[in-house]
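Take a look at the structure below.
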Amino acid sequence: MQINQHFNELAQSYLFSTVGSRAAAYAAAHPGQKVIRMGIGDVTLPLPGPIIDALHAAVEEMAHKDTFRGYGPDGGYGFLREAIAGYYARRGVGLAPEEIFVSDGAKSDIANILDLFGPDNTVLVPDPVYPVYLDTNVMAGHKVLLARATEENGFLPMPSPGLSADIVYLCSPNNPTGAAYTRAQLAEWVAWANREDAVILYDAAYECFIRDEGLARSIFEVEGARSCAIEFCSFSKIAGFTGTRCGYTVVPAGLERGGMKLAPMWLRRQTTKYNGAPYIVQRAAAAVLTPEGMAAIQQNLGYYRKNAQVLAEALAAAGITYYGGTNSPYLWMKCPGGMGSWEFFDWLLEHAQVVGTPGEGFGECGKGWFRLTAFGGAEETAEAAARMQAALAAFNG
Ligand code: MLT
């Protein structure tokens, strides 16, 4: 029997599981205290009316013989693939519905896409970044290079001279730092990838938070991206689907490496190992992209943006260096007094009963940094912000 020894190279548990269990242990040991959780970036607002209506209607269809649905079509229902293509078209990006593959979320697609590539590739992963990229490549025993994302480069690594890699992950707006690439910066990555015959795996899960004009919401806004990039996106953050589960991956029809087209490979992979997101969920997702759905979710996004502002103001008032929170739901703050990330995690629980995510959990370059999420309830966020501001002011003396 051979076992995948690469699991020994992983941290003992997934970052957000560790954060969750440490917060739960603190809460259990301090039953009188109200702990405010701002660790995992999980949404808190309920699904808006137009989406719930579509969900109810689809459930009703499942109750009748002539409208009941079993297995769905490969790659997702046409109505949703077309609606997603329309969402991109409104932003000036032309995609064929057949290039859009519906799934249960970006996280699983980001992990599963590795099935398309051989075992001996060199993979470039930003540091810090969403831990799924690194963990899945460690599990597969791939050679990983890290691209440092630091205060000096605005947390946006660029292709360095002589950089050689086969696969590159980019996440913009970035989780955890909140930094987002401009179109001009992405054009540099695209030119590099086309030159090197590399593939960019572009995570756009937070694109809906972008408001600044010069920033890209899709890598396909950049010329040349269709011959080097795959994009992952999700309804989780735009529409509160973290529990409902729906996402999609865009693989351009012409994207080819090693003499093979990646879009049919992805379809082959998905149809072999996965039976698709539920019909009712795909109906709900399609409702997000209607004018009524988009209007409703804009209200929710506005609510989370306000939370980000409240947190930003508290950090600024406490004299803390922070980034993000404008084109992103995440704030990336420097731990005070040179504290380490996990040290500050414990300190913040102890002094403000607020849970955040230690930057170190996203990579070595996250050491000494800490992530806060704006996805909480408005009242809780305001309370957390006030508690943090008071605790940090006392700390700074
Ligand atoms: C996060 O907190 O980084 C995200 O919620 C994780 C995810 O989207 O899977």
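Start at 1 and go down the list; that is how both ligands and their atoms are numbered. The chain is numbered in sequence order, starting from 1. As the structure is a computational prediction, the values presented were derived from the model and not from experiment.
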Legend entry - Side-chain donor-acceptor contact under 3.5 Å, E231 with S218: yes
Legend entry - Test: R387 and E383 ion pair at under 4.0 Å: yes
Inset, instruction - Would you list the pairs meeting salt bridge (Lys or Arg N to Asp or Glu O under 4.0 Å) in which at least one residue belongs to residues 321-350, sequence neighbours left out? - result: R22-D346, E151-K334
Inset, instruction - Return yes if some donor-acceptor pair links the side-chain N/O of R371 with the main-chain N/O of P176 below 3.5 Å, else return no. - result: no
Legend entry - Test log, rule side chain to side chain donor-acceptor pair (under 3.5 Å), inputs Y330 and Y206: CA-CA 10 Å; Y330 296 125; Y206 298 94; 2.7 Å; yes
Inset, instruction - Write out the protein residues near ligand 1, meaning a non-hydrogen atom under 4.0 Å from one of its atoms, in order of chain and number. - result: F16, I40, G41, Y130, N175, Y206, K237, Y330, R371
Legend entry - Check: H56/E60 side-chain N/O donor and acceptor closer than 3.5 Å: no
